[in-house]
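These notes concern the structure reproduced below.
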Amino acid sequence: MERYNHKEIEKRWQKKWKEQKLYETPDTVEGKDNFYTLVEFPYPSGNLHVGHWFAYIGPDIFARFMRMQGKNVLFPIGFDAFGLPAENAAIKRGINPREWTYSNIAYMRQQFEMMGTSLDWSREIISCDPRYYRWTQWLFLQFFKKGLAYQKETEVNWCPSCKTVLANEQVVTGVCERCGTEVEKRQMLQWNLKITDYAERLIDDLEKLDWPEEIKQAQRHWIGRSEGALLTFTIQEHNASVEIFTTRPDTLFGATYLVLAPEHTLIESLKDKITNWDEVEAYRQTARKKTDIERTALGKEKTGVELQGITALNPGTQEEISVWVADYVLSHYGTGAIMAVPAHDERDFAFAQKFNLEKVCVIEPRSLDDFTLRKMQGVSGEEKITGRAVAYWPDAGETPEHGFKREVAAILAGKSVYVGEGTLVHSGKFDGITTQEAREAITKAVGGEMKTTYKLRDWTVSRQRYWGCPIPVIHCAKCGVVPVPEHDLPVVLPEIDDFIPTGNGKSPLAKVVDWVNVKCPECGGDAERETDTLDTFVDSSWYFLRYTDPHNDKEFASRGKQEAWMPVGFYSGGAEHTTMHLLYSRFFHKVLFDLGLVADTEPYVRRMNRGLILGPDGNKMSKSKGNVIDPDDMVERLGADTVRMYLAFIGPYNEVGAYPWNPDGVVGVRRFLERVHVLVTKIAEDRKRLKDVSGGSVLIHRTVRFVTEVIGRLKFNTAVAQLMIQFNGENSEPDWRGKLNNKGEWESMEVDLMALKMFLKLLAPFAPHLAEELWYQLGNTTSVHLEPWPEYDPTLVEEEQVTIVVQVNGKTRGEFEAAQDIDETDARERALTLPTVEKWLGGKEPNKVVYVPGRLVNIVV
RNA sequence: GGGCGAGUGGCGGAACUGGUAUACGCGCACGACUCAAAAUCGUGUCCCGCAAGGGUUGAGGGUUCGAUUCCCUCCUCGCCCACCA
């Protein structure tokens, strides 16, 4: 008998499947529903690591399962091929980015094939292919025409030493990754997409999605909706005003100063009136140099400068208040200016403490409840009280009520911050009303407006990089920004040799004079091409649509083909894309919907973030740590089926866990597959042992039910466990598979052919090569992967006889066998008469008996 | 600092809507086969205890006849965000 030769088996079937085009998906199949399974397309970094395997194996199992369930399954693949690493490789090693990318893709393709994935390669897309990015450009133009793509001075990371713009990932703790120089902020004219216009819909439409709650929650936080008010403060004597945003207009009467962000334009316009301009300007300069990290890391200590010579009028109190500039106010959120209420905001409180500014308390907490007070055990037994903004220990012997009063006194005296709700005080005619009522009342009274703001900022898509999709616009001195006419698309990325940045912040493309200089499509005069390229997140914001119609050269995807497949039924990917890619592509899809280009407003029905595979030492795999598992090597030694099945077995696929690769764990799976191989091969050699019994054993039916249910929930690890139980047999069950004795010879038992076939079908999604091999060995002549998924017999899986557990006071003291549907009276009777139970009762009468039908009796004494 | 998630044997993990905690795999121990070893197969394997029995799902409290599961507090780890007015 031949040993389990995984190399030979896997290679042979991979070739056959390819010849048979087993996994090519037609757009429609008579009598079958379509189902779209998607995995984020990979970046062609060079080779597939174990993480890629893990990423694709789960969905591959699922896709194979869905196919056998009778669905016409789209499971496509492509490459997210633009991006920085290709350009870096070009600069460092003098390789052409295109060649680098395409040779990586070629290598990765054959690795994917080795995995035994059921991907449909006929629909492959590559985002750096002009046939693809032509449509990226076309879509960009649709955004532009709708006013959703615009140019604006936007902040970039600038390395003064390399004289280049840096991507966020090139800035490590505030310094340039390459040269270690401190990174500066610099304003540059950049293309942005107006995602903020869609903020509300992006939040509201989350409701209807079948996504894990934590992903939705993360997106809500990212978008960051907050309800508040815009209030206007006039600048005394200078005929100017400042608009501020606050979520707490009810605290207006406690606003004792204003703070402007260093970048606020008003500062510049009041230059003449500000008497300490030099000081102010110096502060602004320092703030500009600071990176975000510095602004926050040194962060707790507040800094700022008063704008001397100007004051503002608090529209509530009509009192003059001072105006400050401080970098704890962010220019890009709200209006870039705040009213500071030190008595009721922790940051303002800290600032006021430092600069000795007045604090006016305008809210009085009504009761303990306003503090959301909690009593708890302290270290030495005393009680600690926490409120929204306070946490303190009452003095010895003090009751919580005393502590509360003391704290209220501290708040009223301006010695403590209180950010909770309560009743207004020191607020003129508004005294006595609740903070909730006051929000709108005060806003109205001072002529402000209620306003919803979002943390979400517009999406800057300009990149000063070569290896990206060219932005299809032309700058004409006369006509301004002119879109490239659609019939001139694609704007092809020119082949160049010099990828070194220009030094003035422009993309290397700016040096390609022939390419840059064009005639204006409108006036025919001299004009220049835009030299920025698009963020790669733009490429990946619509790729799932292209898969539905990958070869279309008339449209980005025809409406009919889209509708055959969209929306994506199941989308699997990494947790790192929760707020970026997932949000961007949802935004894209909504815009396309509004343009009448797609049918749904949401692209993905179901989303799952997968876990992470760690090195054997429990750390993230990295070359420097030497804990990288090379999948090629594992496949060589153990076979793709083993690696696949081990990855399925390693932990629950639908949870964002981190699973260490255990080299010893893999051998367990390999041993299992070897046993399966030996068994089926032996049986196939000795056909007369096969017995075609109708029905199959009870165990196989239960296994079918279990595996079916669990694959649907993506708990592949338990499915594998059940397949092992099935194969090893269960003591209580008649052995379904025959048995080998110690010498590897058959005991004279017949094998249930039906059960064996069902087993191989269940195995097929996990170990597709081995299952196929054994399936043919049993005499079948068509692929196991084309078989319908086995069905279980519901009458067989229900147990008539069950074990009912008997507890006394919640502790298990015995059990008895009974019919599944035994009624309460009988169950109670049986339980009470068990000798062990009688012993534990010790003659006492039970107080109560709880009966859980078909499961347990709990006797309480 | 905030948000989200997780803590179960020596290890990865299982346990459906609260109902026999530790399935399955690894490891380990013993046994069979072998001259021997590897491989393979079999048996055992949460802890304490000779046993009867008792204890155990990060710690403490609560709800319940019954809690890994629900609630509260705390601790630890992971991820994301980080002065968002």
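Throughout, protein chains are lettered first and strands after them, A, B, ... in sequence-line order, and every chain is numbered starting at 1. Please read all numbers here as calculations on a predicted model, not as lab measurements.
- Distances from the side chain of A:Asp664 to the nucleotides B:G19, B:C81, B:C26 place B:C26 closest.
- Nearest nucleotide to the A:Lys302 side chain, out of B:C83, B:G25, B:G54: B:C83.
- For A:Thr718, the side-chain contact (heavy atoms from CB on, under 4.5 Å) partners are A:Phe706, A:Val710, A:Lys715, not counting sequence neighbours.
- Following rounding to the nearest Å, A:Ile613 (CD1) and B:G12 (C1') show an atom-to-atom distance of 11 Å.
- As rounded to whole Å, 12 Å separates atom P of B:C26 from atom CG of A:Leu673.
- For B:G53, the O4'-C1' to base torsion is more than 90° from 0; the nucleotide is therefore anti.
- For A:Leu614 and B:C79, the CG to C1' distance is 12 Å, given to the nearest whole Å.
- Rounding to whole angstrom units, OH of residue A:Tyr257 and C1' of B:A85 are separated by 11 Å.
- Taking the P atom of each, B:G55 and B:A29 are spaced 32 Å apart, rounded to whole Å.
- Judged by distance alone, with hydrogens and angles left aside, the side-chain atoms of A:Asn717 form no donor-acceptor pair with the main-chain N or O of A:Ile650 at under 3.5 Å.
- Protein atom CD of A:Glu213 is 20 Å distant from nucleotide atom P of B:C80, rounded to whole Å.
- Using modelled atom types and a 3.5 Å distance limit, the side chains of A:Asn314 and A:Tyr257 yield no donor-acceptor pair.
- Spacing between atom CG of A:Asp327 and atom P of B:C83 amounts to 10 Å, rounded to whole angstrom units.
- Contacts of A:Lys359 classified as side-chain hydrogen bond (donor to acceptor under 3.5 Å, both in side chains), with partners at least two apart in sequence or in another chain: A:Gln353.
- A distance of about 15 Å separates the C1' atoms of B:U57 and B:U20, rounded to the whole Å.
- Set against B:G12, B:A85, B:G27, the side chain of A:Pro660 has B:G12 as its closest nucleotide.
- Among the atoms of the strands shown, none is found under 4.0 Å from any heavy atom of A:Arg225.
- In the set B:G19, B:G12, B:A14, the nucleotide with an atom closest to the side chain of A:Ile650 is B:G12.
- Annotation: B:C79 and B:C26 have their P atoms spaced 30 Å apart (nearest Å).
- Rounded to whole Å, atom P of B:G5 lies 10 Å from atom NE2 of A:His221.
- Residue-level contact check: A:Gln722 touches neither bases nor backbone, having no heavy atom under 4.0 Å from any strand.
- For B:U68 and B:C16, the P atoms lie 12 Å apart once the distance is rounded to whole Å.
- Separating the C1' atom of B:G9 from that of B:U45 is a span of 10 Å, rounded to the nearest Å.
- Dashed line: the shortest gap from a side-chain N or O of A:Arg702 to OP1 or OP2 of B:A23 is not under 4.0 Å.
- Of the candidate nucleotides B:G19, B:G55, B:A14, B:G19 has the atom lying nearest to any side-chain atom of A:Asn858.
- The two residues A:Val707 and A:Ala719 have their closest heavy-atom pair at CG2-O, 4.1 Å.
- On a pure distance criterion of 3.5 Å, a polar donor-acceptor pair joins the side chain of A:Arg855 and the base of B:C16.
- The same atom, P, is picked in B:G10 and in B:A59; the two are 14 Å apart, to the nearest Å.
- Taking atom CG of residue A:Leu612 and atom P of nucleotide B:C79, one finds them 9 Å apart after rounding to whole Å.
- Base engagement by A:Phe245 is indicated by at least one non-hydrogen atom pair under 4.0 Å involving a base atom.
- Nucleotides B:G27 and B:C71 place their P atoms 39 Å apart, quoted to the nearest Å.
- When each of B:G13, B:G27, B:C83 is scored by its nearest atom to the side-chain atoms of A:Tyr328, the top-ranked nucleotide is B:C83.
- As rounded to the nearest Å, B:G66 and B:G2 have C1' atoms that lie 38 Å from one another.
- By the 6.0 Å contact criterion, NZ on A:Lys620 is open, its count of non-hydrogen atoms from other residues, nucleotides or ligands being 12 or less.
- In this structure, of B:C65, B:G13, B:A14, it is B:A14 that holds the atom nearest to the side chain of A:Lys715.
- For A:Thr718, the listed nucleotide lying nearest its side chain is B:A15; candidates were B:C24, B:A15, B:U20.
- Across all strands shown, A:Val860 has heavy atoms under 4.0 Å from sugar-phosphate atoms exclusively, and none from any base.
- Note on A:Ser226: only backbone sugar-phosphate atoms sit closer than 4.0 angstrom, heavy atoms only; bases stay farther off.
- Around atom NZ of A:Lys451, no more than 12 heavy atoms belonging to other residues, nucleotides or ligands sit under 6.0 Å away.
- Residues of residues 706-713 of chain A having a heavy atom closer than 4.0 Å to RNA chain B: none are found.
- Residue A:Arg705 is classed as having no contact, given no heavy-atom separation below 4.0 Å to the nucleic acid.
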